[in-house]
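Data block below; observations after.
All values below come from the heavy atoms of this structure, side chains included, with hydrogens, waters and symmetry mates left out. Note that the structure is a prediction, hence the values are computed from the model and not measured.
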Amino acid sequence: MVENTEAAVEAGEWQDLPLMATPSGWLDAVLADFAGFLSDHASCEKKASGMALNIASHYPDQPKLLMAMADLAVEELSHYREVLKLMAQCGIQPGPDRKDPYVRALNDLIRRGPEFFLLDRLLVAAIIERRGAERFGMIAAAHPDPATRRFYRAITSSEGRHWQLFLRLAQEHCPDQGLDSRLEELVAAEATLMRRQPFRAALH
Ligand SMILES: [Fe+2]
Ligand SMILES: [Fe+2]
């Protein structure tokens, strides 16, 4: 169902990217309106594909990054299609895309200077993917329907590769720009954002 990212991640390079744990109130809100959650999830996958293409369009001169983003865009779009199929099976109509204040606030933290722009972009993407993997994993463990749990297990492992991919790309493309300390700052900022987020039937 969920295809592998072409740019495989070498196991063990990044053991984890620890974020603040999502409170259980989020899962309660999602399970209380799972149709609403699915609609948001579909939209997030589509946006993730667009984000990968957007990075690709900025770096046509970086072949490795370009190919990784092309692969990722395809994989995210295949997730989008899978979520749409799941919704159709359940008779759920997708809603319009909604603004995502969490992603917007994280994107606002990206420094615009040429020496830091790519680093920040890749680290923010890694954090968004890591948060997605955590939350999809919560659904994979808790949803009452076995087929839905299976679906979210596959999505979780796919998104788990994505955050590792972004960290590896950051390490390869921005080796001298203070990756570790910037990641620490962004993880702290993400925790502040998370604490402000209301619980709703959405990925963020
Ligand atoms: Fe995805
Ligand atoms: Fe992803």
Side-chain angles (χ1 to χ4, degrees), residues 1-5 9 14-52 72-106 124-167 187 190-204:
M1 180 210 60
V2 176
E3 295 162 24
N4 287 345
T5 308
V9 175
W14 297 93
Q15 296 300 324
D16 202 0
L17 196 184
L19 301 180
M20 186 194 94
T22 289
S24 61
W26 171 81
L27 185 61
D28 296 340
V30 166
L31 295 179
D33 177 14
F34 200 64
F37 172 79
L38 282 173
S39 184
D40 180 73
H41 179 184
S43 164
C44 288
E45 297 290 4
K46 186 172 51 178
K47 289 177 193 166
S49 181
M51 183 202 66
L72 183 63
V74 170
E75 187 172 346
E76 300 291 23
L77 210 50
S78 85
H79 291 175
Y80 173 59
R81 184 179 54 193
E82 296 296 335
V83 179
L84 286 183
K85 277 188 201 162
L86 184 64
M87 293 176 77
Q89 284 162 15
C90 302
I92 300 165
Q93 170 104 26
D97 290 347
R98 291 193 296 185
K99 288 189 180 123
D100 192 329
Y102 165 85
V103 169
R104 182 174 287 191
L106 281 175
V124 162
I127 288 171
I128 292 170
E129 296 284 353
R130 181 69 189 91
R131 181 59 74 192
E134 182 226 18
R135 291 191 160 188
F136 293 137
M138 289 171 75
I139 294 170
H143 198 281
D145 173 49
T148 305
R149 285 202 300 275
R150 267 198 306 281
F151 179 81
Y152 276 93
R153 268 202 298 276
I155 289 276
T156 302
S157 90
S158 187
E159 305 301 344
R161 287 193 304 276
H162 296 171
W163 67 257
Q164 295 183 50
L165 170 68
F166 278 115
L167 285 186
V187 164
E190 199 262 1
T192 304
L193 276 174
M194 265 293 126
R195 287 192 198 96
R196 286 198 207 123
Q197 284 284 117
F199 297 138
R200 55 181 194 143
L203 185 56
H204 308 119

For Phe136, give me all partners under ring-ring contact (aromatic ring centres under 6.0 Å, His included), at least two apart in sequence or on another chain.
His41, Tyr152

For Glu159, check side chain to side chain donor-acceptor pair (under 3.5 Å) against everything at least two apart and list the hits.
His79, His162

I want to check something: taking the side chain as every heavy atom from C-beta on, are Ile139 and Phe34 in contact at a cut-off of under 4.5 Å?
yes

Summary of salt bridge (charged side-chain N to carboxylate O under 4.0 Å, His left out) pairs that have at least one residue in residues 26-46, sequence neighbours excluded
Lys46-Asp97

Let me see the working for Phe166 and Val124 under side-chain contact (heavy atoms from CB on, under 4.5 Å), right down to the final yes or no.
CA-CA 9 Å; Phe166 278 115; Val124 162; over 6 Å; no

With sequence neighbours left out, the residues meeting side-chain contact (heavy atoms from CB on, under 4.5 Å) with Ile92 are Ala35, Leu38, Met87, Cys90

Tell me, please, which residues at least two apart from Tyr102 pass side chain to side chain donor-acceptor pair (under 3.5 Å).
Glu190

Where at least one partner belongs to residues 134-147, residue pairs that pass salt bridge (charged side-chain N to carboxylate O under 4.0 Å, His left out), sequence neighbours excluded:
Arg131-Glu134

Report the C-alpha distance between Asp16 and Arg130 in whole Å, list the side-chain angles of each, state the deciding distance to 0.1 Å, and finish with yes or no for side-chain contact (heavy atoms from CB on, under 4.5 Å).
CA-CA 9 Å; Asp16 202 0; Arg130 181 69 189 91; 2.9 Å; yes

Main-chain N/O of His143 paired with Thr148 side-chain donor or acceptor, under 3.5 Å:
no

Taking side-chain contact (heavy atoms from CB on, under 4.5 Å) as the definition, give me every residue that meets it alongside Ala191, ordered by chain and number, with sequence neighbours left out.
Met20, Arg195

So, taking the atom named CG in Leu77 and the one named CD in Glu82, what distance separates them when rounded to the nearest 0.5 Å?
11.0 Å

Can you name the closest pair of heavy atoms from Ala133 and Gly160 and give their distance?
CB-N, 3.9 Å

What residues form a side-chain contact (heavy atoms from CB on, under 4.5 Å) with Ala142, not counting sequence neighbours?
Leu27, Leu31

Enter the distance from Lys85:NZ to Ser78:OG here, rounded to the nearest 0.5 Å.
9.0 Å

Looking only at heavy atoms, the pair that brings Pro18 and Val187 closest together is O-CG1, 3.6 Å

Note: Ser49 and Glu76 closest approach over all heavy atoms is N-CB, 3.6 Å

Could you give the side-chain donor-acceptor pairs of residues 197-204 under 3.5 Å, partners two or more places apart or in another chain?
residue	atom	partner	partner atom	Å
Arg200	NE	His204	O	3.0
Arg200	NH2	His204	O	3.2
His204	ND1	Asp100	OD2	2.7

Would you say Ser158's side chain and Ile155's backbone share a donor-acceptor pair under 3.5 angstrom?
no

How long is the gap from CZ on Arg98 to SG on Cys44, to the nearest 0.5 Å?
9.5 Å

Applying side-chain contact (heavy atoms from CB on, under 4.5 Å), name anything that partners Pro146, two or more places apart in sequence or on another chain.
Arg149, Arg150

As an exercise, state the distance from CG of Leu106 to CD1 of Ile128, rounded to the nearest 0.5 Å.
5.0 Å

What is the minimum heavy-atom distance between Ser39 and Gly95, and which atoms define it?
OG-N, 2.8 Å

